[in-house]
There are 2 protein chains.
Amino acid sequence: MLKNRVKELRARYGFTQSDLGKQVDVTRQTIAFIEKGEFSPSITLSLKLAKALQTNVNDLFWLEEDDDHEK
Amino acid sequence: MLKNRVKELRARYGFTQSDLGKQVDVTRQTIAFIEKGEFSPSITLSLKLAKALQTNVNDLFWLEEDDDHEK
DNA sequence: CTCTTATGTTCGGTTTATATAACATAATGT
DNA sequence: ACATTATGTTATATAAACCGAACATAAGAG
């Protein structure tokens, strides 16, 4: 399962969803969907988001197990 | 423009396109398209590829300018 | 020479990412 | 009270990712 820190970092920099969308050339709805974890953006968009949020892709997105067996 | 080192790292570990595809749950054609740079995989697939190739997403994929002005 | 394996490539399909538009709500400012 | 702004959410549409199958080529093994 894909997780991300977009909402957290966006808030930290005081960007609105629209602000961030403009910086990375997508609509605010796309940002909203990503924050909700409803889909897995392209690596191109992910790289742009990481740049806009002054981090790297590995810190912004990661995979977590979604079964009961882990840990 | 999106660039990547998938082919280089896959060769380094001696994987075939099929091997790598199985590890990350896509077909060999998908691996071939990514190596050719013909599309931008999802961040989920990118994270799996980075793991399979024992690197991180930032080292595996990056954006390059495609205009003449870049130094 | 034949068999197998890796790769390149194309085509027709399904699924998912993304756009655009609309409507709702809550918060803020005048 | 009204206007504006940020966000949540949904619906419909298009573009792009990805699959499965097919066919071709090149290289290595027997």
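Nothing here was measured: the structure is a model prediction, and the numbers come from that model. Within every chain, numbering begins at 1; the chains are lettered A, B, ... in the order of the sequence lines, protein sequences first and strands thereafter.
Side-chain atoms of B:Phe39 and B:Thr30, non-hydrogen and from C-beta on, do get closer than 4.5 Å to each other. Using a 4.5 Å heavy-atom cutoff, the side chains of B:Leu60 and B:Val57 are not in contact.
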Give me, pair by pair, the N or O atoms of the protein and of nucleotides 9-15 of chain C that are less than 3.5 Å apart, along with how far apart they are.
from: C:dT9; atom 1: OP2; to: B:Lys36; atom 2: NZ; distance (Å): 3.4

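When heavy atoms are screened at a 4.0 angstrom cut-off, B:Thr30 is found touching the sugar-phosphate backbone but no base atom. The residue A:Asp25 sits close only to the backbone: its heavy atoms come under 4.0 Å of sugar-phosphate atoms, none of a base.
B:Asn56 CG to B:Ser46 OG: the interatomic distance, rounded to the nearest 0.5 Å, is 12.0 Å. Atom CD1 of A:Ile31 and atom OG1 of A:Thr16 lie 9.5 Å apart (nearest 0.5 Å). The OG1 atom of B:Thr55 lies 8.5 Å from the CG atom of A:Asn58; values are rounded to the nearest 0.5 Å.
The nearest heavy atom of DNA chain D to A:Lys7 and to B:Ser42 marks one nucleotide each, and the one closer to the 5' end goes with A:Lys7.
Between the side chain of B:Arg10 and the backbone N or O of B:Phe15 there is at least one donor-acceptor pair closer than 3.5 Å. Under the 3.5 Å distance criterion, the side-chain polar atoms of A:Ser40 are left unmatched by any main-chain donor or acceptor of B:Ser42. Put simply, the side chain of A:Asn4 never gets that close to the backbone of A:Gly37: no donor and acceptor are under 3.5 Å apart.
Taking every heavy atom of both residues into account, A:Lys48 and B:Leu63 meet most closely at CG-CD1, 3.9 Å. Counting all heavy atoms, side chain and backbone alike, A:Phe61 lies closest to B:Leu47 at O-CD2, 4.0 Å.
Between A:Lys48 atom NZ and C:dA17 atom C1' there is a gap of 14 Å when expressed in whole angstrom units. Between B:Phe15 atom CZ and C:dT5 atom C1' there is a gap of 17 Å when expressed in whole angstrom units.
Hydrophobic clustering keeps B:Trp62 apart from B:Leu9 (ILVMFWY residues linked when any side-chain heavy atoms are closer than 4.5 Å, directly or through intermediates).
The C1' atoms of five pairs define one axis at each end of the helix from C:dC1-D:dG30 to C:dT30-D:dA1, and these two axes lie 30° apart (to 10°).
In summary, contact between chain B and DNA chain D, defined as any nucleotide atom under 4.0 Å from a heavy atom of the protein, begins and ends at D:dA17 to D:dA22 in the 5' to 3' direction.
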